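Since the structure comes first, as structure tokens, the remarks are kept for the end.
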Amino acid sequence: MAESLTARVTAALAGLRNPRLETDLISAGMVRELVVTDDGKVSFTFLLSRDDPATLVREARAAVRAVEGVSPQELRISVVDPSGPAPASHAPPQGAPPAGQTHGQAGMVPPPQQPVDYPNLGCIIAVSSGKGGVGKSTVSANLAVALAARGKRVGLMDADVYGPNIPRMFGVFEKPPVDNQKIQPLFAHGVKLMSLGFLIDRDAPAIWRGPIIMKIVQQFLRDVAWGELDYFIVDLPPGTGDAQLSLVQSCHVASAVIVTTPQEVAVGDALRGAKMFEKVNVPVTGVIENMSPWTDPATGQRFEMFGSGGGRRLAEELRVPLLGSVPLQPGLADLADRGKPILVANPGSPAATELNAIAERLLGLFAARPKVLPVLQG
Ligand SMILES: Nc1ncnc2c1ncn2[C@@H]1O[C@H](COP(=O)(O)OP(=O)(O)O)[C@@H](O)[C@H]1O
Ligand SMILES: [Mg+2]
């Protein structure tokens, strides 16, 4: 079902032409990260350059909505200008209300943003990946804990607005108090935390449009009482969508760290994600491979669920260091679900040992740099 629905959605998009490129939207490579679920949820990133007619967004939206089996309220299109960080239009093309718009913000287009300096946040590190489920949140959470354990003042911002799972990973679910007009971050395992998961119902539909995501990200940066931090880790959703864009437009990201599994397809996605950071002049500091092959020392049995070598290939391609390979760790997911990062629950485990080593490597790399890197001219 999902297969054929994906095919039908793709065909619908392939039926539209970009007059500038004289080819259809699919062949033109304008549709990225297309995700179609069995129950008709569709999301994709739409690469619309300034020279393309903006009406293509409306046409694409209408074409996909018309596909049988697609749930029109669950269609999410992130419009991205591939030529630069300024957002292309999230504005509903004249008169057409955007799908799923439930907030009174219709037509609110954030102006092109100038990143703001937040010197109190210290070194801002974005943890990103091309694909979901590769371990971004696991890596973010454990690196935050590892840095805090080394005496650093650490904040962790859960920018995965679609699936905020930092609350669960840290076992905190309270509503953050508001004091003096500032949201107070929560605190667990030595780390200050903020997540949309603290603020909304756990079952609330997480379909947010670009301008709202921008507001959430800016609020998390500006209106949370983070205090003085050394490191500010941002756990991003997969891909190169609105959260990534909002983050790099809102603050000076010192570094992006790319998480991938050893698998080829995850590497391809991760490469695209990394290129996005390069395009907006955020240096990619390194690659972390997660769910790497693992040999049980007791039995000598090798577990290799997700292939091998992908992290190194990606690092080579990006010409950045491979910061480490975190092995598949039996029991890690269970512990994470119970609010215990592996570093806390089982610090002697191979995964925790490698995550600690990665934190050390990062500290070494950042020690040699200024606190906040200047934005390079592109
Ligand atoms: N090295 C690992 N070994 C075993 N399970 C892992 C490992 N890394 C992540 N997981 C589990 O895989 C799932 C996806 O990880 P998560 O960090 O949520 O990924 P993402 O944030 O990229 O979507 C979670 O259930 C997590 O506990
Ligand atoms: Mg996650």
Side-chain angles (χ1 to χ4, degrees), residues 32-33 45 47 78 80-88 110 112-131 134 136 139-140 143-144 147 154-161 210 213-214 216-218 220-222 229-260 267 269-288 311 314-315 317-323 358 361-363 365-378:
R32 300 292 168 89
E33 284 129 14
T45 302
L47 298 186
S78 306
V80 172
D81 181 348
S83 62
Q113 299 289 323
Q114 275 305 317
V116 174
D117 256 338
Y118 293 96
N120 63 309
L121 299 182
C123 185
I124 301 179
I125 305 175
V127 179
S128 194
S129 76
K131 220 167 81 95
V134 299
K136 270 177 314 303
V139 165
S140 305
L143 284 184
L147 293 172
V154 185
L156 172 55
M157 165 169 145
D158 183 357
D160 191 341
V161 290
I213 294 175
M214 177 60 101
I216 296 169
V217 167
Q218 286 181 339
F220 278 8
L221 290 168
R222 196 186 50 206
L229 300 177
D230 298 308
Y231 289 93
F232 188 73
I233 296 182
V234 185
D235 179 20
L236 286 162
T240 53
D242 292 313
Q244 279 77 358
L245 213 60
S246 301
L247 183 72
V248 298
Q249 286 171 358
S250 301
C251 64
H252 289 119
V253 178
S255 152
V257 170
I258 311 291
V259 181
T260 181
V267 171
D269 292 334
L271 189 61
R272 278 186 286 280
K275 294 277 182 211
M276 178 222 124
F277 283 108
E278 283 180 355
K279 216 170 245 168
V280 295
N281 296 321
V282 171
V284 175
T285 299
V287 170
I288 298 174
L314 179 63
E317 191 126 5
L318 292 170
R319 301 200 184 142
V320 298
L322 176 65
L323 296 168
I358 292 170
R361 272 171 219 137
L362 273 176
L363 281 177
L365 286 170
F366 287 121
R369 294 177 172 208
K371 202 171 166 198
V372 176
L373 292 174
V375 176
L376 307 168
Q377 295 307 310

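On a predicted model such as this, the values are computed, not experimentally measured, just so you know.
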Step by step, would you call Val234 with Val253 a side chain to side chain contact (heavy atoms under 4.5 Å, CB included)? CA-CA 9 Å; Val234 185; Val253 178; over 6 Å; no

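Note that CD1 of Ile288 is 9.5 Å distant from CD1 of Ile258, once rounded to the nearest 0.5 Å. Distance CD1/Ile213 to OG/Ser250: 11.5 Å, rounded to 0.5 Å. Considering OG1 of Thr260 and NZ of Lys131, their distance stands at 8.5 Å, rounded to 0.5 Å. Atom-to-atom distance recorded for Leu363:CG and Asp230:CG is 9.5 Å, nearest 0.5 angstrom. With values rounded to the nearest 0.5 angstrom, His252 atom NE2 is found 10.5 Å from Asn281 atom CG. Here CG of Leu236 is found 4.5 Å from CD of Gln244. Values are rounded to the nearest 0.5 Å.
In this structure the side chain of Leu47 reaches within 4.5 angstrom of the side chain of Thr45, judged on heavy atoms. Here the side chains of Glu317 and Leu271 are in contact, with some heavy-atom distance below 4.5 Å. With contacts defined as side-chain heavy-atom distances shorter than 4.5 Å, the pair Val116/Gln218 does not qualify. A heavy-atom distance below 4.5 Å is not found between the side chains of Met214 and Leu245. Counting heavy atoms from C-beta outward, Val161 and Asp242 have side chains that stay 4.5 Å or more apart. Residues Thr285 and Ile125 have side chains not in contact (no heavy-atom distance under 4.5 Å, counting atoms from C-beta outward). Within the 4.5 Å cutoff, no side-chain heavy atoms of Thr240 are placed close to those of Lys275. Between Phe232 and Cys251, every side-chain heavy-atom pair lies at or beyond the 4.5 Å cut-off.
Closest approach of Asp160 and Pro238 over heavy atoms only: OD2-CD, 4.3 Å. Here the closest heavy-atom approach between residue Leu314 and residue Ala270 is recorded as CD2-CB, 3.5 Å. Here the closest non-hydrogen pair linking Ser140 and Ile233 is CB-CG2, 4.0 Å. When every heavy atom of Ala159 is checked against every heavy atom of Pro237, the shortest pair comes out as O-CD, 3.2 Å. Shown here for Gly239 and Ser128, the closest heavy-atom pair between the two residues is O-OG, 4.2 Å.
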